[in-house]
Amino acid sequence: DAHPKRCQLSINSYAKEEAPAYDIHIAIGPTKQLDRMEWFIEKATEIGVTEITLISCKNQERSKVKIDRLKKRAISALKQSHRLFIPKINELTDVKTFIKENPNGLIAHCYEEPKESFEASFQLKKCPILIGPEGDFTKEEIDFALQNGFKTITLGQNRLRTETAGLYVCMRAKLLTE
C-alpha cells in the first residue's frame, strides 16, 4: 500500500546467506581525481571485496575524501550486482598506523627489488593488501611495512594506475577464494 503518509508491506519470503569465508582487505591511496576512486569502490564491491581502507601516504595528491559518497557508490554497486554484504569502508588512515594495526600483509610497489607472486603470498584471512598512491610509496614506507611482516608482491611487468592495481589484486584474491 503506497500512501504519502504511510506504507504497508508484507514479507512473502526471505533468504539467508552466510558471510564470506574470506577476507579481501585492500588498503589504497586515494587518487587525485575522486571519480577514479569511486570507480574502484564500485567495481571492487561487485567483485566481492570485504574491506577497503584509504591510506594517507607521503606521495599522495589528495588529503581529503568524502567517505559517505564512497559508501553510496558501494551500496549502488551492491544492489546492481545482487550481493548481500557491503564492504566495510574505513576513513583515511596514516599508512604507518595501518601497518602497525594490520601486520603481515602484502605490499605492491614500483621499486626494483625481488618480489613474490601474489598467489604464493595471499592468505584467505587477515592478509591486507597495500596499494600505493599515484606517486607510489616512499622507500621509508616500504621498509616500515617489511619490518612489520609485509611481503613485497609483483603485479606483473606493466606499471598500473592506482585504481587498476587495486582492482587487479581484488580480482586475483577473489579467484583464489573460489
Side-chain angles (χ1 to χ4, degrees), residues 17-110 118 122-138 141-142 144-145 148 150 153 155 159-178:
E17 187 172 314
E18 296 296 321
Y22 59 83
D23 290 324
I24 301 176
H25 184 177
I26 299 177
I28 190 167
T31 56
K32 184 177 180 181
Q33 296 175 333
L34 188 58
D35 64 327
R36 298 178 87 76
M37 197 79 312
E38 290 174 354
W39 178 86
F40 165 73
I41 298 283
E42 182 180 286
K43 302 308 174 198
T45 299
E46 290 174 14
I47 291 168
V49 69
T50 55
E51 188 170 358
I52 299 168
T53 300
L54 301 174
I55 53 172
S56 175
C57 304
K58 188 172 184 177
N59 290 337
Q60 78 183 46
E61 295 189 37
R62 175 176 283 281
S63 59
K64 295 189 192 269
V65 179
K66 296 178 182 176
I67 295 294
D68 290 341
R69 185 173 169 152
L70 297 178
K71 288 180 180 179
K72 286 178 185 176
R73 287 300 280 250
I75 290 169
S76 174
L78 183 84
K79 291 175 183 177
Q80 188 277 327
S81 62
H82 294 266
R83 292 203 163 275
L84 298 180
F85 296 95
I86 190 163
K88 181 178 179 187
I89 301 176
N90 301 311
E91 296 283 340
L92 193 62
T93 305
D94 178 68
V95 68
K96 288 186 178 182
T97 302
F98 178 84
I99 290 168
K100 284 181 201 171
E101 294 173 356
N102 301 277
N104 305 319
L106 306 177
I107 183 170
H109 60 77
C110 298
F118 182 83
F122 180 71
Q123 301 166 16
L124 296 178
K125 290 282 186 184
K126 302 292 179 195
C127 186
I129 306 161
L130 285 172
I131 304 295
E134 291 165 312
D136 203 5
F137 293 111
T138 64
E141 291 167 338
I142 294 167
F144 187 79
N148 283 275
F150 275 71
I153 56 167
L155 302 183
R159 183 173 290 192
L160 304 175
R161 291 177 182 259
T162 299
E163 69 278 9
T164 306
L167 193 59
Y168 181 78
V169 296
C170 181
M171 192 69 215
R172 286 177 79 175
K174 180 63 176 162
L175 289 170
L176 292 174
T177 67
E178 296 178 344

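Nothing fancy with the numbering, it's 1 onward along the sequence. Keep in mind it's a predicted model, so treat the numbers as computed, not measured.
- Side-chain atoms of N102 never come within 3.5 Å of backbone atoms of P128 as a donor-acceptor pair (strictly under, hydrogens ignored).
- Residues forming a side-chain hydrogen bond (donor to acceptor under 3.5 Å, both in side chains) with E51 (at least two apart in sequence, or on another chain): N90.
- Residues meeting the ring-ring contact (aromatic ring centres under 6.0 Å, His included) test with F98, sequence neighbours left out: H25.
- The line from CD1 of I107 to CD1 of I129 is 12.0 Å long, rounded to the nearest 0.5 Å.
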Let me check something: any side-chain donor-acceptor pairs from residues 36-50 under 3.5 Å, sequence neighbours excluded? List them with distances.
from : atom 1 : to   : atom 2 : distance (Å)
R36  : NE     : E163 : OE2    : 2.8
R36  : NH2    : E163 : OE2    : 2.7
E38  : OE1    : R73  : NH1    : 3.2
E38  : OE2    : R69  : NE     : 2.2
E38  : OE2    : R69  : NH2    : 3.1
E42  : OE1    : R73  : NE     : 3.3
E42  : OE1    : R73  : NH2    : 3.0
T45  : OG1    : I41  : O      : 2.7
T50  : OG1    : I24  : N      : 2.8
T50  : OG1    : I24  : O      : 3.0

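- When side chains are defined from C-beta on, I55 does not count as touching I99, because their heavy atoms never get closer than 4.5 Å.
- In this structure I75 satisfies the side-chain contact (heavy atoms from CB on, under 4.5 Å) test together with K79, I86, sequence neighbours excluded.
- Under the ring-ring contact (aromatic ring centres under 6.0 Å, His included) criterion, F144 pairs with no residue at all, not counting sequence neighbours.
- In this structure, T177 and P20 have side chains that are not in contact, with every pair of non-hydrogen atoms separated by 4.5 Å or more.
- For the atom pair SG of C127 and CG of L176, the computed distance is 10.5 Å after rounding to the nearest 0.5 Å.
- Under the 4.5 Å side-chain criterion, counting only non-hydrogen atoms from C-beta, L54 is in contact with L70.
- In this structure, T162 OG1 and D136 CG are separated by 8.0 Å, a value rounded to the nearest 0.5 Å.
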From CA spacing to verdict: side chain to side chain contact (heavy atoms under 4.5 Å, CB included), L167, M171: CA-CA 6 Å; L167 193 59; M171 192 69 215; 5.6 Å; no

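- Annotation: ring pair (Phe, Tyr, Trp, His ring centres under 6.0 Å) contacts involving residues 66-93, sequence neighbours excluded, are absent.
- Applying the salt bridge (charged side-chain N to carboxylate O under 4.0 Å, His left out) test to pairs two or more places apart or on separate chains, those with a residue in residues 165-178 are E119-R172, K174-E178.
- By the side-chain contact (heavy atoms from CB on, under 4.5 Å) test, N104 pairs with no residue at all, sequence neighbours left out.
- Scanning all heavy atoms of the two residues, the minimum distance from N148 to P103 falls at O-CB, 3.4 Å.
- Applying the side-chain contact (heavy atoms from CB on, under 4.5 Å) test to K72 and every residue at least two apart in sequence or in another chain returns nothing.
- Among pairs with a residue in residues 21-33, those fulfilling salt bridge (charged side-chain N to carboxylate O under 4.0 Å, His left out) read K32-E61, at least two apart in sequence or across chains.
- For F118, the ring-ring contact (aromatic ring centres under 6.0 Å, His included) partners are F122, not counting sequence neighbours.
- Distance check: C170 SG to I52 CD1 gives 7.5 Å after rounding to the nearest 0.5 Å.
- By the side-chain contact (heavy atoms from CB on, under 4.5 Å) test, T138 is found to be paired with K58, N59, E140, E141, residues two or more places apart in sequence or in another chain being considered.
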